[in-house]
Amino acid sequence: MVVAAVVGAQWGDEGKGKIVDLLAEKADVTVRFNGGDNAGHTVKFQDKTYKLHQMPSGAFYPGKKVIIGCGCVVNPKTLLEEIGIISNDGYAPNLIIDSRAHVVLPYHIALDGMEESKKGSRAAGTTKKGIGPCYSDKAARFGIRFADMLDKKILEEKIHTMHEIKTKTIEQVYGQKFAQGEDDVFEAYSGYADELAKYVADGCAAVNDAVNAKKNVLLEGAQGALLGIDQGLYPYGTSSNPTSGGASTGSGLAPNKLNEVIGIVKAYVSRVGSGPLPTELMDGTAQKIRDKGGEYGTTTGRPRRIGWLDVVALKYAHETNGFTGLAFTRIDTFAGVSPVKFCVAYELDGKKTTRMPVSAEELARCKPIYEEMPGWKDLKPAEWRRICVRGYFAVPDEPKNYMKRVSEYLGVPIYIVSVGPGREDTIVIKDVFAK
Ligand code: IMP
């Protein structure tokens, strides 16, 4: 029995969806532990591409249990659409939505944009899916959980309180009007409750039962460690903990139940939204990578900012997450760039540091200090696939040396290498669920 968490080691979009889909084959249960439909996890197999936002990426193995954990905030409308799409393709999910998970309401979505405009230059560039306002209400204990939504009396009372506070805020603070009436919101959410009721249960109990029964459990993070509310670059991140700590609190499994924490490392960095990114590339290389890798936000379609790999940030992510293994992704996308650089230290106000500063203002003043290595040749997808069939030894020396160098810097072994979007474009060096 193994409990493995998959965590984005950078700013999200590292390719977690693909890795989770791959690992989920041998997991009995997959739990998504943070975030909501701000996430976009791309899963590609049998010539089909699915862009999942809330459904755990392990949903494509019929019969296996998938759980939306207590650490998530869920938009019931988009979840129902997602269930519909994958069910129509023959993947009706064996889904549990933890009754503790919070529900995203139309007020949250409306306020997300308004709060962002008010913040001016300190806006995070959110996905405008209502994630921050929903987590705010959760912390303030105004929130509506799935358990509350199923009880129509509680739902009505809670919407009544929330409607008054939110409509007044929208009108009096932001000078705008909230279009929906209280009854409209209640009717809509009462309908979602009826449709989703069959999935709502105690997710924490389910995942603990699975561990007690010696099953393999996969904990799937959304976003990336550096966007986390506690350890991320505040205020330019998201409102949840996309970390190994979040994997525990967001699933209901005690921290000492986690055996493996796999950090997903993209060969370069990308970021959507605002905030300093010391290694950002502003030249043609960024556009080349963006075009080649389709580096546009899965949820919002925004072009992703692109930069050289940042080992200082990765070391911080490792320090705060305790990676036991790394999965390198996008080795194929990064091919054709030579030489490749990666940042090993910053110069901050004339001093060299290998520690990521706490404040965004300081990070914005950091000048990256790079190491350089020869890049690698661009190969056709079929050539990468042939390498995958042969195994890690067949990977050309340049990408192997690059990954090895980064792995040595962190002191964390390489478990997986991904050289394309499909399941077959992968080399597994250590299979975490192997008997
Ligand atoms: P929010 O999560 O929508 O509140 O957005 C907060 C910040 O996190 C913004 O910079 C978003 O672009 C970023 N973000 C949210 N979800 C993702 C994701 O799945 N991948 C990458 N960035 C994300």
Side-chain angles (χ1 to χ4, degrees), residues 6-20 32-43 50-57 71-75 78 82 102 104 107-139 220-243 246 250 264-266 268-277 280 290 293-307 313 317 329-330 360 363-364:
V6 170
V7 172
Q10 294 151 321
W11 283 273
D13 306 318
E14 299 92 350
K16 293 177 295 295
K18 170 190 161 158
I19 303 296
V20 171
R32 166 82 184 270
F33 62 78
N34 77 299
D37 63 352
N38 50 348
H41 291 171
T42 307
V43 178
Y50 294 91
K51 293 190 183 297
L52 300 179
H53 299 283
Q54 297 180 111
M55 184 64 68
S57 306
C72 295
V73 293
V74 181
N75 180 327
T78 55
E82 219 160 285
H102 278 245
V104 175
Y107 317 104
H108 299 136
I109 298 168
L111 280 164
D112 198 343
M114 295 174 205
E115 290 176 2
E116 280 277 282
S117 327
K118 200 83 178 163
K119 286 176 187 162
S121 66
R122 289 202 168 76
T126 73
T127 57
K128 306 233 172 34
K129 299 288 179 189
I131 305 301
C134 185
Y135 277 115
S136 301
D137 276 353
K138 170 180 175 175
E220 174 184 11
Q223 292 87 43
L226 303 168
L227 291 173
I229 186 71
D230 285 305
Q231 279 94 30
L233 191 70
Y234 193 85
Y236 298 105
T238 192
S239 301
S240 63
N241 276 304
T243 55
I264 314 293
V265 179
K266 187 147 73 174
Y268 46 92
V269 300
S270 73
R271 195 191 196 317
V272 281
S274 35
L277 188 64
E280 185 163 13
R290 193 176 295 120
E295 288 284 9
Y296 293 85
T298 314
T299 302
T300 58
R302 292 178 288 179
R304 292 180 185 145
R305 300 158 65 193
I306 305 288
T329 63
R330 297 282 197 165
L363 189 65

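Remember, predicted model here, so these are calculated numbers, not experimental data. Start at 1 and go down the list; that is how both ligands and their atoms are numbered.
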Return the residue, atom name and 0.1 Å-rounded distance of the protein heavy atom closest to [atom].
atom                    : answer
atom 15 (C) of ligand 1 : Gln223 CG, 3.8 Å
atom 11 (C) of ligand 1 : Gly125 O, 3.6 Å
atom 14 (N) of ligand 1 : Leu227 CD1, 4.0 Å
atom 3 (O) of ligand 1  : Thr127 OG1, 2.5 Å
atom 10 (O) of ligand 1 : Ala124 O, 2.9 Å
atom 5 (O) of ligand 1  : Thr126 CA, 3.3 Å
atom 6 (C) of ligand 1  : Gly237 O, 3.1 Å
atom 2 (O) of ligand 1  : Thr238 OG1, 2.6 Å

Is any N or O atom of [X], backbone or side chain, closer than 3.5 Å to an N or O atom of ligand 1?
X      : value
Asn38  : yes
Gly132 : no
Lys129 : no
Asp13  : yes

Which segment of Arg302 sits under 4.0 Å of ligand 1 when only heavy atoms are counted
side chain
Could you tell me if [Y] and [X] have a donor-acceptor pair between their side chains, going purely by distance under 3.5 Å?
X      : Y      : value
Gln54  : Thr78  : yes
Tyr268 : Gln10  : no
Asn34  : Ser240 : yes
His108 : Asp137 : yes

Main chain of Lys128, side chain of Thr126: is a donor-acceptor contact present, judged purely on distance under 3.5 Å?
yes
For the pair Asn241 (side chain) and Gly246 (backbone), establish whether a donor and an acceptor sit closer than 3.5 Å, ignoring hydrogens and angles.
no
For Leu227 and Gly12, the nearest pair of non-hydrogen atoms, with its separation, is CD1-N, 4.3 Å
Hey, is Arg305 close enough to Glu280 for a salt bridge, meaning N to O under 4.0 Å?
yes
Answer yes or no: is there an ion pair linking Arg304 with Asp13, defined by an N-O contact shorter than 4.0 Å?
yes
